[in-house]
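Written below as structure tokens is the structure these notes are about.
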Amino acid sequence: MRQNYTYRGVKGMRDVFPEEARRYQQLEQRARDLFSQYGCGEIRTPLVEHTVLFERGVGQGTDIVNKEMFYVPAKDEEAGPDALRRMVLRPEATASVARAYVEHEIDKTAGGVQRYYYMGPMFRYERPQKGRLRQFTQIGVELLGSPSPATDAEAIGMLFDYLQSLSLGTLTLMLNSVGCPECRPGYIQALQAFARLKHAGLCEDCRARLEKNTLRLFDCKKPECRAVMAQAPNIQSSLCAPCRTHQDQVLLYLTGIGITPKLEWRLMRGLDYYTRTVFEVVSENLGAQNAVAAGGRYDNLVSELEGPATPAVGWSMGMERILELMPAAAPVPMFDVFVVDPGPDTAGTFAHVTFLRRQGVRVGLEHEGRSVKALMKRADKVGARFTLFAGSGADTDRIELKNMASGEQVSLTWDEIAEHIRNF
RNA sequence: GUGGACGUAGCUCAAUUGGUUAGAACGCCAGGUUGUGGUCCUGGAUGUUGCGGGUUCGAGUCCCGUCGCCCACCCCA
């Protein structure tokens, strides 16, 4: 990698070359196939949104909004109120999906539960480290319009099935409930009361969290704090009856499809919009950034965004983190046939090759006029199953087609080649 | 934003207590008689040792700065 390069790419943003891009494509394909089985259709929302969407949707107090946004400067001539001139690169997509749902009045035009999946880049201005980039890719699912615990289970089931099909090593699915506006405030108060009593045993960061983001007290990694928090009041016993029932039902549905999440009462979420069910999938092989996917129910987000009361549930996963866990697949050959034509005049060969390509054959052809030996090496290196000797005197009707594995060589006309390869 | 490591050919690494033309494997390129690969053999190319400054007779080796990258914190996918 060149250092000190004047035109280098932006920090925390990667270039993906074909070999790796193929891995992304496989994940995407698998997602499209599976999610469509669940009746989900793809939704594509813009990479740029008004800042206020995330301030309102994700939450004013969250780090994502406070320090991780990529701002997009507005042009001077852009008119409108201030709020609509401030724009950012999206840090996540749930708020965008909810926004689109409201903006297009989907509840009126479509009716029923809306089931979407999305995939694409997200942007967060953070210091890069293992498993964390400034531009990263998420695949996510959002199911809007259903309050049913079965929908929670369905969303989790999709995620589970997806990850299961990728052989990623040991993954742990953790689940919890963060309650609702009815029962959560009471719990937070109880938690605060507890933490104030234990104030002396908490680290500096946690003392700050205590006031600003009480639920996040559980996220501290310091052993002292963890020890203290292990004694903290359990949100599970503070849940109101409807939340309690909801969770029981989710677990019941999950059990029915063979999924038994680990109930983790300390699991909270960093985004404000979650209600009731929250879950997270972690791997032990990812270093500090160990979450592969996370999500939950957000019954109030749509109405927060001036939409109709619309309960919803969804999740998203980080493709790069999944890729990190996936063993690199064996490289696939780029070509069926590689053409050996040392030149110098290759116009005829070029035309024939195009003829083959138009028949769907993947043909490799170099125009640099290298030696036969060099071209053969290349053919071998790129894994072509066949080589085709063209050019010079014998370029009229019959050309030689060599099977690279067996060494067999046959003489064919250009018209016969495509079929010969297809039948192999 | 905070802390800690690291930065030598395309890649992975080496270079005695600072000492003279900075090396190796792999990869790449070219050959090994006449247009046929994978193995083997021979030969070849590439580095302003990230950049800038300092100490020194002399620095890839030490010091400072800077940029980059990595890991961790914070936080999260």
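So that the names make sense, note that chain A is the first sequence line, chain B the second, and so on, each numbered from 1.
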When you measure only distances, ignoring hydrogens and angles, does the side chain of Arg127(A) come within 3.5 Å of the base of C70(B) through a donor and an acceptor? no

So for Glu400(A) and U36(B), does any side-chain atom that can act as donor or acceptor lie under 3.5 Å from a complementary atom in the base? no

Can you see if the side chain of Arg370(A) gets near the phosphate of A30(B) - specifically, an N or O under 4.0 Å from OP1 or OP2? yes

Ranking Lys67(A) and Ala293(A) by the position along RNA chain B of their nearest nucleotide, the one closer to 5' is Lys67(A)

Nucleotide nearest Val372(A) (side chain, heavy atoms from C-beta), chosen from A77(B), U36(B), A72(B): U36(B)

Select one nucleotide: of C28(B), C75(B), G37(B), the one nearest the side-chain heavy atoms of Lys381(A). C28(B)

Less than 4.0 angstrom between a side-chain N/O of Arg8(A) and OP1 or OP2 of C67(B), yes or no? no

Looking only at heavy atoms, the pair that brings Met158(A) and Leu34(A) closest together is O-CD2, 3.7 Å

If only side-chain N and O atoms of Arg269(A) are considered, is one of them under 4.0 Å from the OP1 or OP2 phosphate oxygen of A77(B)? yes

Between Phe136(A) and Lys11(A), who's closer to the 5' end of RNA chain B by nearest nucleotide? Lys11(A)

If the cut-off is 4.0 Å, is Arg216(A) near the phosphate of C76(B), judged by side-chain N/O to OP1 or OP2? yes

Is the charged tip of Arg134(A) near the ring of Tyr125(A): under 6.0 Å from the six-membered ring centre and within 45° of its axis? yes

Whether Lys373(A) contacts A30(B) is assessed here as follows: a side-chain N or O lying under 4.0 Å from the phosphate OP1 or OP2. Is that the case? no

So does Arg269(A) pair up with Glu280(A), basic N to acidic O under 4.0 Å? yes

Would you call Arg115(A) and Glu142(A) a salt bridge, using N to O less than 4.0 angstrom? no

C1' gap between G35(B) and C69(B), integer Å: 48 Å

Under-4.0 Å side-chain N/O to phosphate OP1/OP2 contact, Lys402(A) with G37(B): no

Taking all heavy atoms of Ser96(A) and all of Phe54(A), pick out the closest pair and write down the distance. OG-CZ, 4.0 Å

Between Gln129(A) and A72(B), is there a side-chain N or O to OP1/OP2 distance below 4.0 Å? yes

